Amino acid sequence: MASKVFPGEFSSLEKISDFIEKHAQICGLDENATYAVRLAVDEACSNIIEHAYGGEGLGNIECTCNVLEDGLEVVLRDKGKSFNPDDIQEIEVGIPLEKLGNRGAGIFLINKLMDEVHFEFSKQEGTTLVLKKKK
Amino acid sequence: MASKVFPGEFSSLEKISDFIEKHAQICGLDENATYAVRLAVDEACSNIIEHAYGGEGLGNIECTCNVLEDGLEVVLRDKGKSFNPDDIQEIEVGIPLEKLGNRGAGIFLINKLMDEVHFEFSKQEGTTLVLKKKK
Amino acid sequence: MAIETTEYKRCSLVKMDGRIDSNTGDSLMDAFNAVQENGIFKLVFDMTDVDFMSSKGWWVLIQTQKACKRYNRGEIVLANVPKKILDSLDLVGMNHYFKIFDDVVSAVGYF
Amino acid sequence: MAIETTEYKRCSLVKMDGRIDSNTGDSLMDAFNAVQENGIFKLVFDMTDVDFMSSKGWWVLIQTQKACKRYNRGEIVLANVPKKILDSLDLVGMNHYFKIFDDVVSAVGYF
Ligand SMILES: Nc1ncnc2c1ncn2[C@@H]1O[C@H](COP(=O)(O)OP(=O)(O)O)[C@@H](O)[C@H]1O
Ligand SMILES: Nc1ncnc2c1ncn2[C@@H]1O[C@H](COP(=O)(O)OP(=O)(O)O)[C@@H](O)[C@H]1O
């Protein structure tokens, strides 16, 4: 288990990515799986900064990597506001370009990339996101 | 001293080039000087096939490399017809494209590339071209 | 991170290296906007040296594609998209919105 | 020796490797002629992998340049000319007859 706290700023994203990459390799994830976890975590952390905290420099992100027998578990914790993951609309694929919005797909992508995605919200402890990727 | 006889065919040009390259390196010529000798010898051998013999497969080219203290000497011998090197017109540079011919410049180039260029013609022994390149 | 723009006769080439994420995506958007402000809407994005791209990056590309295609005035095409990035574009169907070329020469030669 | 031709929207790219000499020059001429027979007179010659070129090669290029420039219909440009070959072109002033680009992308982007 390794845990690290990063300031909730976009410039932390690269450092978080490197932290994840290192532990994905320790877990024996291959290149594709490693990239998938980096991408999912990047999306999740961008959301924390943008949506949970509502901006940069307003709180921290705690990132924990747990080595599992069959892969890697990443736990992200923040003290920002909660949301209802079930409210998130799936992104529509194959629609004409003009009809596409200008953002979204982060949550959709996280779900596609990871084998398990689990949100927990607590008034006291904030939000916990557990992500699991199998080898 | 190394000497080799090549059939007077265009497919010999690459082999002659390799032979020259090898000996230029033995003499300690640098990359540029080595390329210069290869190019000059290529021009000279093309001329022997085309002009001295008047076609492919009509005679041999004997190629000799002499290691000099200050560089490389290449001697090319053929049994084809002679010509007057002084009759060769310099190529005109800087003229408009339309006025350019469709060939020439071989002899001109040989003179530019080599430090010494010396033709000898003999009824009995044919043509000898001595080319010298300093280090 | 470095972003480089080269203007050719029929199109402009934008090349970025490193990561495209929420931290760097706006700089890329600025680079595309600058090209468009010069009246150029035929763009090649050279992704040879991009090693990470989050959804922030796609949206920059989608917005640019919308602006380029408006009034039929142009298009942005992608060149040399690294395999891992291509896979993630495929995953969400983003690849449908871009012509993708194996090399920069073909992409520039397309315009 | 291999000669490869790729057709782009505004020009065709011809790439040859190895030696251009009296032995191989005619094959290159044939390749240029084939492109021109298709009505294409905007040509890029990619010399990245050419490691030797005798005067036979220049004359092939000069003849092709003459044909391409006729009626103002086009031009052949050179890309990625190896230093040693460029030096020998300079020596006889042959470099004056061609636009020379440092890379293939710029050459294709020129048309
Ligand atoms: N960590 C989070 N905290 C609060 N709200 C979130 C969080 N993650 C996502 N959301 C909400 O879900 C929506 C969709 O998220 P996402 O699919 O990542 O797209 P985007 O972030 O580009 O809008 C966001 O617009 C936001 O309202
Ligand atoms: N080895 C040779 N034997 C006979 N004639 C030669 C020889 N080399 C050159 N010549 C003559 O000199 C002319 C000029 O030669 P060169 O400058 O190499 O141009 P090119 O061979 O392209 O005509 C040739 O056309 C030919 O008439």
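As the structure is a prediction and not an experimental result, all values here were calculated from the model. Letters A, B, ... are given to chains in the order of the sequence lines, protein chains preceding strands, and every chain is numbered from 1. Scope of the values below: all heavy atoms of this structure, side chains included, with no hydrogens, waters or symmetry mates.
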Counting only heavy atoms not in D:Asn38, do more than 12 fall under 6.0 Å of its CG?
yes
So how far is it from C:Lys9 NZ to D:Ser106 OG, rounded to the nearest 0.5 Å?
14.5 Å
Please look at D:Thr6 and chain C and tell me whether the side chain, the backbone, both or neither of the residue comes under 4.5 angstrom of a heavy atom of that chain.
neither
If you define the side chain from C-beta out and look only at heavy atoms, does anything of D:Tyr8 sit under 4.5 Å from C:Val105?
yes
